[in-house]
Amino acid sequence: MTLTGATPHGEVHEPNEFGYKSFSLGEFHFSRDEYFAYVRWPTGHHVMSADAFLRALQRDVAWEFFYGIVNFDGVVGTVNHYGTVDLFAGRYNDAYRRAELDHVENIETPVIKATFAAILSDWTNEGFDPFASPEETGSAFGPKNGDNDAAITRHRVTAQRMVSLPGDEPLRNDDNGHPVNRMFADVDQDEPEVYAEPGFEAEVGSFNLFAYLSRSPVTWNPSVVSVCRESLYCPTTEEYILPIIHGNDRAEWFVQLSDEITWDVEDRDTGRKRAKVVMKAGDVAAMPSDIRHQGYSPKRSMLLVWENASLKIPQLISSGQFPTQPVDF
Ligand code: PHB
Ligand code: FE
């Protein structure tokens, strides 16, 4: 494995014959044509479909490299060290490791974030929204055609207080531009009635989470709706395939709120298959901290992702002070 020393800087190169710029980060090089994204490093090269690449890249940028590992597929991805990021090829792939073809560069977070954001902006064509389900967006393919910066720079709305309390964002509704998604037409839109003691009107709140989620225009994008110290409730709506294979650095809990998702669960470091988990509405699963997973949702579904955001957890797990699974039955 090669591990470079100094933090590399991103470089941008002139557009190719298809109109797309190429980019370098240290010894990694990224380019695209009409159908594919190409990644090169000193000991190898890799190709991915442009739409899958952009869907993964969109999440890595928007989530600030997320918890642990974001695998774009079985070969390339990033590891978040919360301040710096490893950009890797083959690092979590047993065959690449054995053949010593893997490559890792450790990069300051703002540097890799700026380059990734520039790739995402240049390679995303008008009409393609990497956060949308495939049925609800245009094509990622073809020669360069405009951009979709409005979609790719959208921010998740982070709750300042519990959703529904004064001072937080207004609840989504038809009037403020958040229609119910086509697949959630049957979701009850009634809001709960709250009768607070006089003087407590600003502190007691309640809202219909199903109605709220039924209006989400994006897929596979957990959003914080409540914070209790380091415990984050991050519900999300899912359709088609989670565009990344997430390698955990902590356990996370899934509560399947509606419909059904199938999860492929693999060993985090080698990609060896570990389990297939079919979650139906009402099912709860704890994903251990030594796995990676990718979900498949044939119909748009609602999932609650429950995370503990503590910065201490990865170290407690890697030093063996915390178990990899959060519960023993
Ligand atoms: C996860 O990796 O746990 C994850 C990511 C995005 C989602 C759901 C789950 O939408
Ligand atoms: Fe995960």
Side-chain angles (χ1 to χ4, degrees), residues 52 54-74 77-80 82 92 129-134 136 154-158 181 183-184 209 212-225 231-269 271 274-281 283-310 313-314 317 324-326:
L54 290 170
R55 286 193 175 98
L57 185 64
Q58 169 72 83
R59 277 131 189 112
D60 219 10
V61 171
W63 302 346
E64 296 260 348
F65 305 98
F66 207 33
Y67 297 108
I69 306 172
V70 170
N71 297 283
F72 284 31
D73 63 4
T78 57
V79 188
N80 196 351
Y82 312 99
Y92 299 94
D129 178 353
F131 264 134
S133 74
E136 295 181 345
R154 61 153 86 78
H155 282 287
R156 285 182 293 185
V157 179
T158 305
N181 183 268
M183 287 201 180
F184 290 139
L209 179 65
Y212 189 74
L213 289 175
S214 72
R215 298 170 182 276
S216 169
V218 297
T219 57
W220 304 104
N221 191 34
S223 307
V224 180
V225 299
S231 166
L232 309 182
Y233 262 8
C234 308
T236 155
T237 56
E238 321 295 47
E239 185 176 326
Y240 189 51
I241 304 175
L242 172 58
I244 62 154
I245 309 170
H246 179 222
N248 287 6
D249 66 3
R250 65 198 68 214
E252 50 180 351
W253 291 81
F254 289 161
V255 182
Q256 189 69 41
L257 297 178
S258 85
D259 304 284
E260 185 171 319
I261 297 179
T262 298
W263 290 92
D264 269 338
V265 182
E266 302 172 341
D267 179 75
R268 184 192 55 195
D269 297 334
R274 265 182 65 169
K276 190 171 283 282
V277 180
V278 180
M279 296 190 66
K280 297 175 192 287
D283 286 348
V284 179
M287 292 282 170
S289 57
D290 58 353
I291 58 97
R292 68 192 194 191
H293 50 204
Q294 185 167 39
Y296 298 76
S297 188
K299 175 196 169 291
R300 204 175 190 90
S301 68
M302 297 181 184
L303 173 69
L304 176 63
V305 180
W306 181 21
E307 297 275 1
N308 188 306
S310 167
I313 293 177
I317 290 170
T324 51
Q325 80 286 5

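Quick note: residue numbers are just sequence positions, from 1. Predicted, not measured: the structure shown is a model, and the values here were computed from it. Note that ligands are numbered from 1 as they come in the structure, with each ligand's atoms numbered from 1 the same way.
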(request) Flag the pair Leu57 / Phe72 as yes when at least one side-chain heavy-atom distance between them is below 4.5 Å, and no otherwise. (result)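 In short, these two side chains touch, coming nearer than 4.5 Å.
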Is the shortest N/O to N/O distance between [X] and ligand 1 below 3.5 Å?
X      : value
Trp63  : no
Trp263 : no
His293 : yes

(message) Assess, by modelled atom type and distance only, whether the side chains of Glu136 and Asn181 contain a donor and an acceptor separated by less than 3.5 Å.
(response)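 There is such a pair between these side chains.
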(message) Quick check: of its N, O or S atoms, which one does His246 have closest to the Fe ion (ligand 2)?
(response) ND1
(request) Pick whichever of Leu242, Thr236, Val218 has a heavy atom sitting closest to atom 4 (C) of ligand 1. (result)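 Looking at heavy atoms only, the winner is Leu242.
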(message) With rounding to 10 degrees, what does the angle Glu252:OE2 / the Fe ion (ligand 2) / His293:NE2 come to?
(response) 100°
Which of the numbered atoms in ligand 1 are under 4.0 angstrom from any heavy atom belonging to [X]?
X      : result
Asn221 : 10 (O)
His246 : 1 (C), 2 (O), 3 (O)
Glu252 : 1 (C), 2 (O), 3 (O)
Val305 : 8 (C), 9 (C)
Pro222 : 6 (C), 7 (C), 10 (O)

(message) Once you measure the plane-to-plane angle for Trp220 and Trp263, does it fall in the parallel (<30°), tilted (30-60°) or perpendicular (>60°) bin?
(response)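 Correct class here is perpendicular.
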(request) Give the ring-plane orientation class for His246 versus Phe66, where under 30° counts as parallel, over 60° as perpendicular and anything between as tilted. (result)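 Tilted, since the angle between the ring planes falls between 30° and 60°.
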(message) Heavy-atom pairs closer than 4.0 Å: do any link ligand 1 to the side chain of Glu238, the backbone, both, or neither?
(response) side chain
(request) Give a yes/no on ligand 1: does Phe254 have at least one heavy atom closer than 4.0 angstrom to it? (result)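 Distance cut 4.0 Å: Phe254 passes for ligand 1.
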(message) If we ignore hydrogens and angles and just use 3.5 Å, is the side chain of Ser297 paired with the main-chain N or O of Glu238 as donor and acceptor?
(response) yes
(request) For atom CZ of Phe254, decide whether the heavy atoms of other residues, nucleotides or ligands shown that lie under 6.0 angstrom number more than 12. (result) yes
